[in-house]
Every structure is written in structure tokens, then in C-alpha cells.
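Data block below; observations after.
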There are 2 protein chains.
Amino acid sequence: MPHPAATRQLKRRLGARTDTSPAGCWAASFDSSKISFLPEAVVTPKIETEIGVVLELANRHRVPVTVRGRGTTLMGSAAPVRGGWVIDMLKLNRVRIDDEAGMAHVGAGATTADIQRAAEARGWFYPPDPSSKEYCTIGGNIACNAGGMHGGKYGVTRDFVIALRGFLPTGELVQWGTATKKFSAGFNLRDLWIGSEGMLGVVTGAVLKLIPQPAARWTLLTAFPDEVAALRAARVLFRARLQPAICEFLDRVSVLCAERATGKTVFPGQAGRPVILLEFAGAVSEIEDLKFEVLAWARAQALAFREARSRTEVEELWAVRRKCSGAMFELGDSKINEDVVVPMRNYERFARFITRLKRESKLAIPTFGHIADGNLHVNIMYHRENSVETRAAEAAVQKLMETVVALGGAISGEHGIGLAKTPFLRLQHSAAQIRAMQAVKKALDPRGILNPGKMFGVVRIWKYEKLQVKFPWDHK
Amino acid sequence: MPHPAATRQLKRRLGARTDTSPAGCWAASFDSSKISFLPEAVVTPKIETEIGVVLELANRHRVPVTVRGRGTTLMGSAAPVRGGWVIDMLKLNRVRIDDEAGMAHVGAGATTADIQRAAEARGWFYPPDPSSKEYCTIGGNIACNAGGMHGGKYGVTRDFVIALRGFLPTGELVQWGTATKKFSAGFNLRDLWIGSEGMLGVVTGAVLKLIPQPAARWTLLTAFPDEVAALRAARVLFRARLQPAICEFLDRVSVLCAERATGKTVFPGQAGRPVILLEFAGAVSEIEDLKFEVLAWARAQALAFREARSRTEVEELWAVRRKCSGAMFELGDSKINEDVVVPMRNYERFARFITRLKRESKLAIPTFGHIADGNLHVNIMYHRENSVETRAAEAAVQKLMETVVALGGAISGEHGIGLAKTPFLRLQHSAAQIRAMQAVKKALDPRGILNPGKMFGVVRIWKYEKLQVKFPWDHK
């Protein structure tokens, strides 16, 4: 249902910021899920107060509002599925570092990597690092509580948000928290907003916690006979309280993909073995001490290991992790990247489940991920024109979600629900839990204008045609 | 308004757990705010499901329910101000450490120090440490998002809660999050519950994040000519990215209190100087490296400093901090301990404000606190029988709250609102913010049975007579 009168008023109020052209609306009609839903207008505010104007109008006229950063989400969280207006936050991209407090004051449209670089230039570190960090915005990171490789040791976006600024759907400006590390005054709507995928309020800016930049980093690549052995070895490491800053697991299919992409074997003579890529970070002397223990672990547990002795060697080892994702498209023209989470105690059971899933689905399912926090990326590969494979992929996703929940894990660790995971929300949450969430939605957005159609309604994304577009952050 | 029929039903259902005796009800009628409101019954569940029974009955009959741990809160958050039933959580006190995941599975009634000790025994560390940690429960810590001395480097309770179990006011069991470090599926009611002072749900258990126990700790006491110099020096330390695990400031009145209590001067020849007590924690070699830089800072900034060279010396230095609070009662028989938060950039302005406040109110106002996170404890001392002092104290609290908000800070860093801070909630939050919070309350507790009378209504605690009781955790 279009809203021509409201859109005319919007143009009158914010003409210079409002784009109703077919090209502009098309560009804002999809995110990385590549399913297109045309909005009626795209507003690109230059200052915060303009967002209040948009929302006040939208709320009055019941116009759906979807907020977007760069649209890197794979879940469809930024797709304007009910039309209406899109607010593009990319111009609200300031980054200011408070040097002594160790905080970053940022606009919602600031790119994650820009924040990291600004912090690093001042000796501070902002750890959350989604793989799209050169493109994705902090607003998007906050919306889906993004994680990345540093989650096990340092935490995720939520763990670094000190305060939020933004708007209620009524257009009223609110601030949740102050730029201080302690705050215990009133209900915590800051964290309720984080991960709510733009459905409870519109984030315009944030104060982020920074930590001192570690002085030293040390990288080690380890290979194992099989997946179960690799995951078991990781648990030995964790039990020894040796906490890596990064701990990336790649199963043998992921390794084969990387080897195909780079044209060399990771370990000469050990082609196609699952690997764990480790990075330790800390004070120079701390890392020196730690090496001794970690190398003893590697000797006892791994089939082979390679320590990076120079920046070039670090890059070489990291190439394995970076290249594997793109190379997967040799196994299928389509990929479902599921960011499930599994408790450590069930790692081996999960590895055996994935082996079974590959066999039963007859699909390639390279799996890699952040094993210090249980966040495994299960990549289900298929050819979209092959209906047998497509149906097998859809069934594999269902089986995967049922299994992670049965193993005490989560259907999403860092991507959120959006449209794509709506069929599985009720696996994760009881009816009482869903009712409580919906009651909160109704309380904070009584007219239902903020990102409607996400989270709670079941959307079968398999029924939608995917756009044949390519983003700079696409791996292929 | 009493609920005799509902209470009879409660006794029928949970007779063995229900106490309606005058002595039992009196003991549950107050917390450390020492203002008494008699409940009709006290239920002490042994198993979680019993709480569901209590709530289902309470919700049906609209009986107010107040949950208590050990009642160490100073804010009145656990006082059953509207009567009804109290649920005492002390029997739900299990603590189980998951060694490889680095997590503690705890019941709401577990004591904070017990959790710390269980973690420490396995090489793990749970940093949040309210000063009442030997008594207070994790359920209470979660209810008010408790902090402590480690907040600057490690964070507060919220930063260590991975998942919560508990009940909606309807008696339905819910779980927010899984025992995994990543979770991004659905609205985050976990963090909405944290700090909500038992008004949105009843927490029965939690999964807590642990971090590796630091191998080394190093303690340093530094003295400064005056408060402004001390706070300025702290900022220099923070700008150098030297992050202490603990950074406790004591103004000169607090130091004088400690000196009177211990019978010795902290620095011979420097009696009554403000001090900063620092503890650094990390790997052995890391601390060795760090000492060099920190001592250079102390030489440049401090009037005098003492390094602890043995466990006994560490204890000696800590005695300063521990004894000062009790010794304050030489300055008045009553104390208002206000846990305000001030951004670092305004430390010196705040120090000057406190000097002015002392002069204008003619009261002793020893101030100490956690200056790595801006959380200063302002202790307003008065004699309760002296009406001039009492009125001056009440006015000083008002002025203090207005000032911290004007300086960009928070009216509470770790105590919460309860009854005592209700007159100031609207200084911190705009009308729109309060409306949003109240809408959430209405959504999750439509009948208003959970801890009614707290947070939003303005309660003048000065009008209530304080009980003359003494708790084991009282400083005096």
C-alpha cells in the first residue's frame, strides 16, 4: 500500500535529502540477501534532527521505515519488505576518539574498519570485526549485534557499546546511557535496541569502548588429521586457559577451497587437512612466555604447524582463511552462510553431524569459523538452477537449525534473524519468549512502522528470486 | 491492601516454603536502606519450578511480589513497599564452573564471593566485586547491574552475563540466551532484565563469563598534594594507555578517616593527603614491564608513593581503602553513599564542586571511588537527630545529582534506583525516555505485580524512619 500524500509531505520537508527516483529506490530495495522490495522514497539525512522529521511523519501516516547502512547483511534485515521509506545513514559517519577515556564517539554510518583505524592511530583497539568490516557500518553492527573473529576473547559489538543516541518511532530523540563505563539508572533500553534489527528504535550514534592496542601479535597455523581431532585439540587449549585473540577453524573442504584459490598446499605433504589458525595478542613479554606453552600444545596435538616469523608470513597464513570463502563458489553458484553457534562441549558431535549432513544432502558444506566462541559458519553450496540441489539445501538448513538448538546452541551468532531466519526463531525461543518480545515491540513501536515484516512473521526466502548483482564485499 | 485468600492458596500450594509468621515477615520487610514495609508472606523456594507457582498465583490475584537475595542494596530495591509476597532466593545457590568454556552456571542466590572463589580455584576470574561481595547474591548483582572496583578495565555485571533463566510474571519459564559467547537471535531481553531491579521478570539462574585469572598483581599507593592534582594525574595515566585493574581514589577526608581507623599515617610526613591506590594485573612478564612505566608516572606526578613488595604490604595498603568507609561514622551517625558517575574530562570540575558542596552544606562529605570508570562514591555524613544537618544532607544530594547530570554523568553507576533515587530519575532521563521504559514495564508486567512502587514513582525516603538494625556488611 503506497503512501503518496505522506511522501509528498516528506519531499516538502526534506526535499534535498529525499530521492523518489526509480534508480534511487531500486538501489535501496535490497541488501546482501539480494531480494528486492521497492521503497517509495530514500532519505539520506545529513544531520540527526532530519531523522526525527522523517519518523514523526512516518508514524503519523503509518509509513514503514527501514534503516540501512551499506546493506551488507545476508539476512534481509535491511530490505524494505513492506515498501515505505528507507533512511540511508551513510552520511552520519563521524568518528572521534576520546583518548583518555578510551572511547570512540561515532555516527551510525561510520564504517567499522574506519573506527578501527581511528582507534589504532591513537593506540586503542576496537575488536569487533565482521568479515565485511571495510564496508559495513557500526549502525548495522549494532542492529544485528555483529561479531567477528575476536569474539571469544574480546566479545561482540554489544560488549563495546557504552551509550546510544537515536529516535523513537515518534521522532523523539533519546539517549540510552552516558559516555561513562558505569550506568545503572533506569531500564536498559540501550541493550534492548542492540540486536533488535532496527525494529525498536533508530540508532543515529554510539559511544564505543576501546581497549589498549596489544603491543604484540603472534600467528600460528596448525593442521590436524580430521575435524574431530582439530576440535578436540582446541578444547585442550581452552582448558589450559590459553586464550587466543583469534582462533579460526577450517574444515578440510574449506582448506581444499583455499588451496585451489591460492594454488599451493597449506602444509606440503599434508594437503587438504583441517586447520586451526591462531593469533595471540598481548604485551611483548606476555606473548614470548605464551609461545612456549602454545608450541608445546601444538607439538602434542597437531599433525603439523607453522609459526609466522615475519609480517609476510602472517599474511601468507591469513591468505588461507581469506581466500577459502570465495573459492567455495567452485562447489556451487549459490551459498547459504549460516552463522550458527554450538557450545564447546558439543563440538565433536557437531562435526559428526556435519559429516552426516554432507552425505545425506549430497551437497558440499564447507564449514569454518570462530571456535573460541562456538560460532561456526556452515556454508551450504548448491546450484540455483538445479532444483534437486536447491531442495536439498533448504532441507539441510532446516536440519542444521534443529541440530544446533538441540545441542544447546544458537541459530545465529552474529547475523541476526532478518527475513532469512524467521522460520527458525521458534526453534530457539518458546512461545512465552516470543510473546514477551512481541509485547516489547508493540510497546515501543505501537504503529509497527519500524522495519516491519522482520523477525516474527515466517518468510520463506526460497520463494523469492535473487538479484544477479555483485557487491564489492561479495567473496567471489 | 492485603490478599488473605491468595495467601491461603499460596500456603496450600507451597506450605513448607511459605512463612507468614510476624518474625519471618519482619525479617523480609527491609533491605540495607533500613526502611520497613511488611509483606504478607515470605516464600523460600528450594527448586526453580516453585517460583513459577508463586508467580502464577500472584499474577492471578494481583499480589505484589518482591524478590530478595541478602538485601544488601542501599537503595530500597528489595523492600516490599506495597506489601504482598517476598521471594527469598538464598536457597538457589548452586555454582558450577565449566572449565573449558570459561563459564560459571549459577543460581540467583549464589553469593558473589563464592562464585569468585569457585572460579579462582579453577584458574578463572570473575571480576565484578561489589564491596558487599561476601554477602550479596548474583541475583541482586544482576538486578542492579552491580559494579565494583574492577569496572574500568573489566566491566560490570552486565559484561559478564551470558545467559539468564527465569520467569515472566505469569509464571512462565523463559531463557534469554544460550551458554555460548555469541547469540544474535531475537530481541535481547537478557540485558533488558539486567539492571531492571526485579521489575520485568524474576531471575533464577545465570551463565556468567569468566576470564583467565591473571598470573601477577602489583599494588602501588600514591599520594598527591590535593584532589585536583590526584585526578589530573590519573588522567595522565589513562592517556598513556596504562590500564590498572583497580584504581581507587580517596580524597583527604577519606584518608583522614582511614588514618584515624588504622592509627597510622599512610605516608609518614604526608598525613591527610588524597591518595590513589592502584593494582595492575596480567602476565608476570607483562607486569614487570609495566612497573617501569608506572613508576615513572608516579615519580613525575605523585608527592609520594609506596609499592607493595609482599603480600603483607599489599594488605597494609588495602587496609587504607577498607577501613575508610567505616571510620566515616566518626563524622556523623548517618551516611548517604551516592554512587554517581562523572566523565573523566570533568574530574577536576567535579572535585571543585565537592569542595564547594562541603563548604555550603557545612557537612563532611568524604569522597572515594573507582576512577578508572568515573564511579565516585560521595558519602554525605550527618547526624539524624540534627534537623539542620538532615535538611542540609537532603539538599546536598539534590545538588549532587543535578551536577553529575550537568557534567554528562550518571546518577547511579552500580546501585540502581530503587526507592532512594526515584526523585532524580527525571534528571537523567527525558520524558520520552521514561515513557518508553514505562511502556516496556506495562508490556512485560501488565498487572504490575513485580516489585511495584520502585523506579518511576517519586518516593521521599527522608520521610521514613530508619530501622536501628545492623547488618554484618555494615561498615561501622
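Letters A, B, ... mirror the listed sequences (proteins, then strands); counts begin at 1.
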_Can you give me the closest heavy-atom contact between A:Gly408 and B:Thr180, atom names plus distance?_
O-CG2, 4.3 Å
Can you tell me how far [atom2] of [Y] sits from [atom1] of [X], rounded to the nearest 0.5 angstrom?
X        : Y        : atom1 : atom2 : result
A:Lys442 : B:Lys442 : NZ    : NZ    : 14.5 Å
A:Arg158 : B:Arg158 : CZ    : CZ    : 9.5 Å
A:Arg235 : B:Glu100 : CZ    : CD    : 3.5 Å

Counting only heavy atoms closer than 4.5 Å, note whether [X] contacts chain A via side chain, backbone, both or neither.
X        : result
B:Met103 : neither
B:Val342 : backbone
B:Val440 : both

*asked:* Check the orientation of B:Phe187 and A:Phe456. Use parallel for under 30°, tilted for 30 to 60°, and perpendicular for over 60°.
replied: perpendicular
*Got a donor-acceptor contact below 3.5 angstrom from the B:Lys182 side chain to the A:Gly152 backbone?*
no
_Has B:Asn188 got a side-chain atom pairing as donor or acceptor with A:Asp191's backbone, closer than 3.5 angstrom?_
yes
Option in [options] with maximal non-hydrogen atom pairs under 4.5 Å from chain A:
options                                : result
B:Asp99, B:Leu237, B:Asp98, B:Val236   : B:Asp99
B:Gly282, B:Ala283, B:Ala436, B:Ala179 : B:Ala436
B:Gly186, B:Gly123, B:Ser196           : B:Gly186
B:Ala443, B:Ala410, B:Ser412           : B:Ser412
B:Leu173, B:Leu200, B:Ile411           : B:Leu200
B:Lys153, B:Arg239, B:Gln213           : B:Arg239

I want to check something: taking the side chain as every heavy atom from C-beta on, are [X] and [Y] in contact at a cut-off of under 4.5 Å?
X        : Y        : result
B:Arg435 : A:Glu172 : yes
B:Gln428 : A:Phe183 : yes
A:Leu189 : B:Leu192 : yes
B:Arg241 : A:Arg122 : yes
B:Leu444 : A:Met437 : no

*Can a donor-acceptor pair be found between the side chains of A:Asn145 and B:Ser184 at a distance below 3.5 Å?*
no
Looking at [options], which has the largest count of heavy-atom pairs under 4.5 Å with chain B?
options                                : value
A:Gly195, A:Gly102, A:Gly416, A:Ala234 : A:Gly416
A:Ala146, A:Pro343, A:Pro446, A:Ser430 : A:Pro343
A:His370, A:Gln433, A:Met344           : A:Gln433
A:Asp373, A:Asp339, A:Ile211           : A:Asp373

*What do the steps show when you test B:Gln175 against A:His429 for side-chain contact (heavy atoms from CB on, under 4.5 Å), and what is the final call?*
CA-CA 8 Å; B:Gln175 295 193 49; A:His429 290 289; over 6 Å; no
With only heavy atoms counted, which part of [X] is less than 4.5 Å from chain B, the side chain, the backbone, both or neither?
X        : result
A:Trp193 : neither
A:Leu425 : side chain
A:Gln243 : side chain
A:Arg345 : both

